[in-house]
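Letters go in sequence order (proteins before strands), and every chain restarts at 1. The structure presented is a predicted model; accordingly, all values stated were derived computationally and were not measured.
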Protein chains: 2
Amino acid sequence: MKLENITIKDIARALDLSVSTVSRALKDSYKISGETRLLVQRYASEHQYRPNVMAQSLKSQRSRSIGVVLCNVPNVFFSEVLSGIESVAYNSDYLVIITQSQESYQREVKNVQNLAWRSVDGLLVSLSTESENLDHFTRLHEQGLPIVFFDRVTDLLQTHVVVADNRGGAYDATVELVRSGYRRIAHVTSSPHVSITLERRQGYFDALQEAGLAVDEACIKYCMHGGMVAEEIEQAVTELMALPSPPDALLCASDRLTMGCYALLRRRGYRIPEQVGIAGFSNFNAAELFCPGLTTVRQPAFEMGKAASELLIGLIESKRPPREYEQRVFATELVARGSTARVR
Amino acid sequence: MKLENITIKDIARALDLSVSTVSRALKDSYKISGETRLLVQRYASEHQYRPNVMAQSLKSQRSRSIGVVLCNVPNVFFSEVLSGIESVAYNSDYLVIITQSQESYQREVKNVQNLAWRSVDGLLVSLSTESENLDHFTRLHEQGLPIVFFDRVTDLLQTHVVVADNRGGAYDATVELVRSGYRRIAHVTSSPHVSITLERRQGYFDALQEAGLAVDEACIKYCMHGGMVAEEIEQAVTELMALPSPPDALLCASDRLTMGCYALLRRRGYRIPEQVGIAGFSNFNAAELFCPGLTTVRQPAFEMGKAASELLIGLIESKRPPREYEQRVFATELVARGSTARVR
DNA sequence: ACATTTAATGCTAACGTTTGCACAAAAAAA
DNA sequence: TTTTTTTGTGCAAACGTTAGCATTAAATGT
């Protein structure tokens with residue numbers, strides 16, 4: 001019932017040769033007479049011989065596939081990253097296996113172990129918000145499995161890393177808010193476990209400080225599931241707006257949070273940008289169609305996916321570990337729109 | 001350098017047993033004394049034995065992985081489908097391999113062949129706009145490779161199919177436009193090669209006819225790349241609006257087209273919904289934040305992904321082909337918003 | 001003419017499992 | 001006690017490749 005393919009043995013039998021000769025003739029290595037080589041290769045292509053990859057994998061201990069571990073595909077940022085990953089893999093003839101952690105530590109662990117066990121040649125990882133302990137990676141990494149982190153990274157492992165300039169992006173957005181006349185800028189962000197949260201917060205801090213504005217911890221709300229659960233966002237916004245002196249602007253740290261906050265503000269009838277300004281990280285490119293247009297910090301997601309993929313494949317295909325691990329940082333792009341246009 | 005795992009042989013040697021006994025003890029089959037079974041199983045779990053999947057695959061000719069072929073991951077609809085696929089696969093312990101055709105026939109063929117050759121157990125496919133010839137599927141299908149089509153399907157192959165009620169969705173949206181007072185409704189759609197185009201067009205036709213409105217072929221624009229190239233959309237809209245009697249409303253047939261047309265109309269200064277109404281298929285759930293809110297036909301993408309995945313896994317795991325192939329049709333949901341609200 | 005090199009091919013063992021069959025020892029039946 | 005059955009285990013082949021070493025025949029050197 002399964003697809004019966006012709007094997008190297010069949011060829012050997014048909015041509016009255018040994019399997020080793022056939023094998024060698026096909027990868028034109030070693031000393032094989034041009035005659036037999038041609039004979040074998042013609043027979044092979046005529047009969048549509050395709051080497052059995054499972055056998056090859058078993059022999060070589062390589063599968064020409066890479067595993068991707070990320071939170072959630074429908075997140076615009078991740079879907080673009082994934083697209084970038086796939087496009088590089090396609091050209092390099094690697095298969096891309098996708099898993100979602102759904103921001104769950106448990107699920108991340110299971111996925112990573114499953115992928116490793118199913119013998120991917122390398123791993124492309126963006127950590128879940130829940131992940132603090134990274135043993136599931138360190139063990140594999142020590143055993144020599146190539147891993148590249150992107151977006152939500154860690155310095156507990158010595159390896160390549162692909163990130164956006166998170167500090168810079170948050171800084172730029174905050175500066176824009178300040179420039180527009182906002183003075184009490186709140187920050188709605190994700191779990192402080194993940195790298196991007198800290199970096200973005202730093203950019204927010206830096207900009208406030210430069211502007212001589214106070215940093216108020218009460219104005220920072222951490223959504224532990226990165227906005228995967230709608231209630232988090234609702235609670236964060238509610239609490240912020242109930243403060244004795246409520247914020248006049250929101251800086252949101254992720255796709256989901258930005259959209260969530262924006263929608264909520266509008267639903268609750270806040271006037272944007274007069275009453276509350278809002279800016280945030282988002283890769284949704286129709287933000288200009290919103291009412292008012294949403295000021296966003298855009299990350300070159302597709303390019304980041306490509307870079308991560310390239311670095312990983314480099315790691316996989318080089319015999320020796322590199323002398324130095326790269327940290328590739330991509331510039332973000334601030335697109336200022338109506339949602340922060342309080343003043344001309 | 002690669003992760004050295006303990007093998008069944010190691011266990012056999014350590015316990016002074018034969019490999020076959022160990023193998024059998026581990027899958028507690030056959031007649032093995034409780035004693036040895038326990039011994040083996042304890043040793044195995046203590047030493048973290050994990051069967052080598054490549055060897056198992058080679059033996060069983062199964063890989064516990066499924067291949068997905070779709071156009072483009074960042075498309076909201078597809079990313080949600082993919083998420084549904086992954087979630088079912090995760091629970092059933094299948095790996096999901098993702099490939100993008102980017103609406104290219106060539107690429108689709110290469111991906112399909114590559115996946116089959118790399119021995120996935122089954123295929124989940126949404127056809128590219130360019131695909132007319134489906135030989136690359138029929139051959140594999142005849143050889144017994146389970147395939148399930150979703151979204152852009154075909155009846156050239158006898159297999160399970162998962163679709164939205166495309167005719168109904170387009171019908172509902174058109175009826176809504178008519179109800180709002182639009183009388184010359186154009187249709188911007190994708191390549192007529194793909195099933196969804198025909199079905200959606202049919203719904204559009206039916207609604208027009210029921211309303212006693214004329215069907216004008218000049219009012220139907222086919223974007224052969226489904227809107228992947230921005231120029232197609234631009235050209236379609238330009239041509240429509242340049243007609244002797246230009247349309248007063250647009251019905252768009254896909255995520256990308258809907259967004260593209262909406263953005264273009266706004267950029268060109270058309271007043272929506274007074275001058276031109278617009279409605280279309282789209283899974284973008286922030287359409288309510290647009291200005292005006294965008295009337296959309298929503299497909300239960302995640303559920304469709306789940307269904308497709310379940311059907312495929314069913315196919316893979318049943319010994320015999322099913323007596324009958326299913327065509328699972330999911331209802332769409334029309335969300336009427338400002339972009340079609342010409343009259344109260 | 002014989003020794004030595006070179007070229008082309010074959011044999012065999014591996015990679016880690018699974019499984020039909022054979023075998024031995026113990027238990028049951030005669 | 002002998003025969004038969006049962007129970008547990010081992011052997012070996014298979015899945016489709018690859019690669020080190022051995023082998024043969026031909027070609028070159030002396």
Side-chain angles (χ1 to χ4, degrees), chain A residues 1-41 43-44 47-65 116-121 143-144, chain B residues 1-41 43-44 47-65 116-121 143-144:
Chain A
M1 168 86 169
K2 277 319 292 290
L3 11 173
E4 296 291 336
N5 267 320
I6 185 180
T7 80
I8 224 171
K9 277 189 191 170
D10 299 327
I11 302 184
R13 204 173 312 124
L15 264 37
D16 198 33
L17 288 168
S18 76
V19 286
S20 30
T21 304
V22 175
S23 171
R24 287 190 269 251
L26 285 171
K27 20 183 53 78
D28 42 47
S29 68
Y30 218 64
K31 322 178 271 186
I32 295 289
S33 73
E35 205 179 352
T36 31
R37 173 181 330 203
L38 237 72
L39 188 70
V40 170
Q41 292 188 346
Y43 188 94
H47 291 71
Q48 315 206 62
Y49 166 75
R50 293 273 164 272
N52 179 313
V53 283
M54 289 169 168
Q56 285 182 320
S57 292
L58 175 59
K59 194 90 243 265
S60 65
Q61 307 286 33
R62 311 258 270 82
S63 63
R64 283 202 89 77
S65 66
W117 172 48
R118 306 278 284 272
S119 50
V120 292
D121 294 342
Q143 281 179 86
Chain B
M1 169 87 171
K2 277 319 292 293
L3 10 174
E4 296 292 337
N5 268 320
I6 184 179
T7 81
I8 224 171
K9 278 188 192 173
D10 299 327
I11 303 185
R13 204 171 314 123
L15 265 38
D16 199 33
L17 289 167
S18 75
V19 286
S20 31
T21 305
V22 174
S23 171
R24 286 191 269 251
L26 285 170
K27 21 184 52 76
D28 41 47
S29 67
Y30 218 63
K31 322 177 270 183
I32 295 289
S33 72
E35 205 179 350
T36 32
R37 171 179 334 203
L38 237 71
L39 188 69
V40 170
Q41 292 188 345
Y43 188 93
H47 292 71
Q48 316 207 61
Y49 166 76
R50 292 274 163 272
N52 179 314
V53 283
M54 288 168 169
Q56 284 182 320
S57 292
L58 175 60
K59 194 89 243 259
S60 65
Q61 307 286 35
R62 312 258 271 81
S63 63
R64 283 201 89 77
S65 66
W117 171 48
R118 307 277 284 271
S119 49
V120 292
D121 293 343
Q143 281 179 87

Distances under 3.5 Å between protein N/O atoms and the N/O atoms of nucleotides 13-15 of chain D, please, pair by pair.
from   : atom 1 : to      : atom 2 : distance (Å)
D:dA14 : N3     : B:Lys59 : NZ     : 3.2
D:dC15 : OP2    : A:Lys9  : NZ     : 3.3

Residue list, side-chain contact (heavy atoms from CB on, under 4.5 Å) with [X], at least two apart or on another chain:
{"X": "B:Val53", "result": "A:Trp117, A:Arg118, A:Ser119, B:Gln56"}
{"X": "A:Ser63", "result": "A:Ser57, A:Ser65, A:Asp121, B:Met54"}
{"X": "A:Lys9", "result": "A:Thr7, A:Arg13, A:Val19"}

Considering just the side-chain nitrogens and oxygens of [X], establish if one lies under 4.0 Å of OP1 or OP2 belonging to [N].
{"X": "A:Gln56", "N": "D:dT18", "answer": "yes"}
{"X": "B:Ser18", "N": "D:dG10", "answer": "yes"}
{"X": "B:Ser20", "N": "D:dG10", "answer": "no"}

>> At a heavy-atom distance below 4.0 Å, what parts of residues 10-17 of chain A sit against DNA chain C?
In response: A:Asp16, A:Leu17

>> Under 3.5 Å, is there any donor-acceptor pair linking the side chain of A:Arg24 to the base of C:dG10?
In response: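 Side chain to base: pair present.
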
>> Looking at the base of C:dG16, is there any donor atom on it, or on the side chain of B:Arg50, that sits under 3.5 Å from an acceptor on the other one?
In response: no

Spacing of [X] atom [atom1] and [Y] atom [atom2] [to the nearest 0.5 Å]:
{"X": "B:Leu39", "Y": "B:Thr21", "atom1": "CG", "atom2": "OG1", "answer": "11.5 Å"}
{"X": "A:Lys27", "Y": "A:Gln41", "atom1": "NZ", "atom2": "CD", "answer": "11.0 Å"}
{"X": "B:Tyr43", "Y": "B:Leu26", "atom1": "OH", "atom2": "CG", "answer": "12.0 Å"}
{"X": "B:Ile11", "Y": "B:Ser23", "atom1": "CD1", "atom2": "OG", "answer": "10.0 Å"}

In whole angstrom, what separates [X]'s [atom1] from [N]'s [atom2]?
{"X": "A:Met54", "N": "C:dT18", "atom1": "CE", "atom2": "P", "result": "14 Å"}
{"X": "A:Glu35", "N": "C:dA8", "atom1": "CD", "atom2": "P", "result": "10 Å"}
{"X": "A:Ile8", "N": "C:dA14", "atom1": "CD1", "atom2": "P", "result": "19 Å"}
{"X": "A:Leu26", "N": "D:dA19", "atom1": "CG", "atom2": "P", "result": "13 Å"}
{"X": "B:Lys27", "N": "C:dT19", "atom1": "NZ", "atom2": "P", "result": "7 Å"}
{"X": "B:Arg37", "N": "D:dT7", "atom1": "CZ", "atom2": "P", "result": "13 Å"}
{"X": "B:Leu38", "N": "D:dG8", "atom1": "CG", "atom2": "C1'", "result": "16 Å"}

> Counting side-chain heavy atoms from CB outward, which of C:dC11, C:dT18, D:dT18 is closest to A:Ser23?
Replying inline: D:dT18

>> As a check on the pairing definition, encode DNA chain C in dot-bracket form, counting Watson-Crick and G-U wobble pairs whose two distances are under 3.5 Å, and using | for partners outside this strand.
In response: |||||||||||||||||||||||||||.||

Under 3.5 Å, which N/O atoms of the protein pair with N/O atoms of nucleotides 25-27 of chain D?
none

> Of all residues at least two apart in sequence or in a different chain, which pass the salt bridge (Lys or Arg N to Asp or Glu O under 4.0 Å) check with B:Arg50?
Replying inline: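 Applying salt bridge (Lys or Arg N to Asp or Glu O under 4.0 Å) to B:Arg50 gives none.
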
> With A:Arg64, which residues qualify under salt bridge (Lys or Arg N to Asp or Glu O under 4.0 Å), at least two apart?
Replying inline: A:Asp93, A:Glu317

> What are the two closest heavy atoms between B:Ala12 and B:Val22, and how far apart are they?
Replying inline: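 So the minimum-distance heavy-atom pair works out to CA-CG2, 3.7 Å.
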
> What is the nucleic acid contact for A:Ser57, judged by heavy atoms within less than 4.0 Å: base, sugar-phosphate only, or nothing?
Replying inline: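 Touches nothing.
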
> Checking all strands, does A:Thr36 fall into the base, sugar-phosphate, or nothing category for heavy-atom contacts under 4.0 angstrom?
Replying inline: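 If one applies the 4.0 Å heavy-atom cut-off, A:Thr36 turns out to touch the sugar-phosphate alone, with no base involved.
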
> Do the side chains of A:Gln61 and B:Asn52 get nearer than 4.5 Å, heavy atoms only?
Replying inline: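 Yes. Closest side-chain heavy atoms under 4.5 Å.
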
>> Is there a side-chain contact (heavy atoms from CB on, under 4.5 Å) between A:Val40 and A:Leu15? Walk through the geometry before answering.
In response: CA-CA 8 Å; A:Val40 170; A:Leu15 264 37; 4.0 Å; yes

> Considering residues at least two apart in sequence or located in another chain, which fulfil the ring-ring contact (aromatic ring centres under 6.0 Å, His included) criterion with A:Tyr49?
Replying inline: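 By the ring-ring contact (aromatic ring centres under 6.0 Å, His included) rule, A:Tyr49 matches no residue at all.
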
>> So, using side chain to side chain donor-acceptor pair (under 3.5 Å) as the criterion, who are the partners of B:Ser60 when residues are at least two apart?
In response: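 None.
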
> Excluding sequence neighbours, so at least two apart, what forms side chain to side chain donor-acceptor pair (under 3.5 Å) with A:Thr36?
Replying inline: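 With sequence neighbours excluded, A:Thr36 shows a side chain to side chain donor-acceptor pair (under 3.5 Å) to A:Ser33, given in chain and number order.
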
